[in-house]
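One structure is given below, encoded as structure tokens.
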Amino acid sequence: MTSLFRLNRRDLLRRAAALAAASIASSGAAGGHARVAQRKFSAYPFSLGVASGDPVGDGFVIWTRLAPNPFDRSSLPDETIPVIWEIARDERMLNIVKRGEALARSALAHSVHVEVRGLPPGRQYWYRFRVPGGDASAIGQAWTASQIGAPLERFRFAVASCQHFEQGYFTAYDYMVKDAPQLILHLGDYIYESSWGDQVRRHDGPEPVTLEEYRSRHALYKSEPSLQRAHAHCPWLVTWDDHEVDNDYQALESEDWQDAQAFVKRRAAAYQAYYEHMPLRGISVPRDDEMRLYQRSTFGDLVSVAMIDNRQYRSPAACRSKEDGGGQVVTASCDELFESGRSMLGETQERWLTGGFARSKALWNVIGNGEMFSRLHQKTAKGEEGWWTDDWNGFPSARERVITALARSKMPNPVFVTGDIHSFWVNEVKQDFRNPSSASVATELVASSITSAGVPYDQFAAFLPDNPHVKFFDSRKRGYLLCDAGRKSLMANLRTVEDVRDPLTKDGSLGTFVIEAGNPGALRA
Ligand code: FE
Ligand code: CA
């Protein structure tokens, strides 16, 4: 399949021209666009690639953005531009089964989101975009989901997070494409707003604040060919973490105690730019400075994925310091930490998540989760029990409510897949975190980062004796998770790359862990 994306642009253009001629000669679904005059762009308009997302039983979302020069908005006129989309049953786009016209609106940075519907379930498709009489995009792959509850033997998905552009090349995505997952989950830090650490290349500018600046940052990341190939390979499900907006922000609280009104505007700009660059449905169009991202997808009777939003609705970090409003390690002397009203998901999302547990029809119930869910016991310099406030450890009452709901619902095989911490972890989620011999209610698999520098290995490895529910930890390799769900087990391969500073880096693996159905926790395969 990857060979398809090595087609050069001339090939694509030749095909597009042949197809345009064919469609003008025929009437039917495509008739509408022939009246639109040919449009000349200053450069190839599909420079940011294509993407698909959110597969359901009768369709999926396809995305592109017209951007002859994504860093110069004057490269496109401030007007709506029609774009043709096509869905085919073959990779050469000869047997087209659906075609339509979408509008690339200037107000949404000329992005195009098409919710394709009315296709039969469980089928493979190819798609592309064209400008009337002009350029064609790369060809992407997508598929319709098996009907909810229909028998499904196996399902392969990959899990990614944390791709700092300055800290490395996204070569991990090329190995991911070779691994041929059917679905890619991205758990956040898709872009980074800020700069630190060792750098192999530079961002387009300082920290973004305005809509134009966030658009430019997304375009920079999307210009990475490995990332484009991974988007073209299969549908994605996405959620965000903090760096899509601002390090460690919490709902409407910024890390730097920025003026509230200014931060509302900044967050809205970041959310809109995120929407404009992701294959998301209409439900996610930003409204009133908010954006609905959490959603559940189900594939046959085998896998359900609930993507959750840990940033937009959370309570402010407990005992925030005036010097730094982001995450920190606090001790039990912080009363606020344990307040029962504190929320990670917000009331509505929490009700949606926990209410769905009892209704699941799937064997494997994946929760796509921004930051570490498992309790991570750590000692402060003074030897006191510490709590990191930016992940679920900073929301003990909210965490407890989710665990209680999981235990009560008896939903089969809950598996948290998690990002954020730039390291691999395999954890058992205990019913009572104070009691290591209490029942395990779920498994947590944490993906390392695509490029972002790992947490200090020795510091975290020193926590392990106090955390017997942690079955594996390593922060020394970048990479992703490759998961194979079957009827009896779910296998998670901890896939790695050797050196993100080398665009031709080799790949590897830290091993495969197996979760047996009906038995939370994982063992080395
Ligand atoms: Fe990160
Ligand atoms: Ca993060």
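Counting convention: from 1, in listed order, for ligands and their atoms alike. This is a predicted model, so every value here is computed, not measured.
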Next item on the list: Taking the six-membered ring of W392 (Phe, Tyr or Trp), confirm whether the NZ or CZ of R375 is under 6.0 Å from its centre and within 45° of its axis.
Entry: no

Checklist line | Pi-cation contact, F170 with R201 (under 6.0 Å, within 45°) | finding: yes

Check: Would R292 count as a cation-pi partner of Y294, with NZ or CZ less than 6.0 Å from the six-membered ring centre and within 45° of the ring normal?
Finding: yes

Margin query: Short of 3.0 Å from the Ca ion (ligand 2), name each protein N/O/S atom, waters not counted.
Written below: D189 OD2, D241 OD2, D242 OD1, D420 OD1

Check: How wide is the angle at the Fe ion (ligand 1) between NE2 of H422 and OH of Y192, to the nearest 10°?
Finding: 90°

Margin query: Out of the candidates D390, D420, D246, only one should pair with R311 under the salt bridge (charged side-chain N to carboxylate O under 4.0 Å, His left out) rule; please name it.
Written below: D390

Next item on the list: Please name the atom of D189, restricted to N, O or S, that is closest to the Fe ion (ligand 1).
Entry: OD2

Next item on the list: Report the relative orientation of the aromatic rings in F433 and H377; use parallel for angles under 30°, tilted for 30 to 60°, perpendicular for over 60°.
Entry: tilted

Checklist line | N/O/S atom of H243 inside 2.8 Å of the Fe ion (ligand 1), strictly under | finding: no

Margin query: My understanding is that only one of Q272, R266, E276 makes a side chain to side chain donor-acceptor pair (under 3.5 Å) with Y214; could you say which?
Written below: R266

Item checked: The single option from E207, H203, E212, E244 passing side chain to side chain donor-acceptor pair (under 3.5 Å) against R217 -> H203

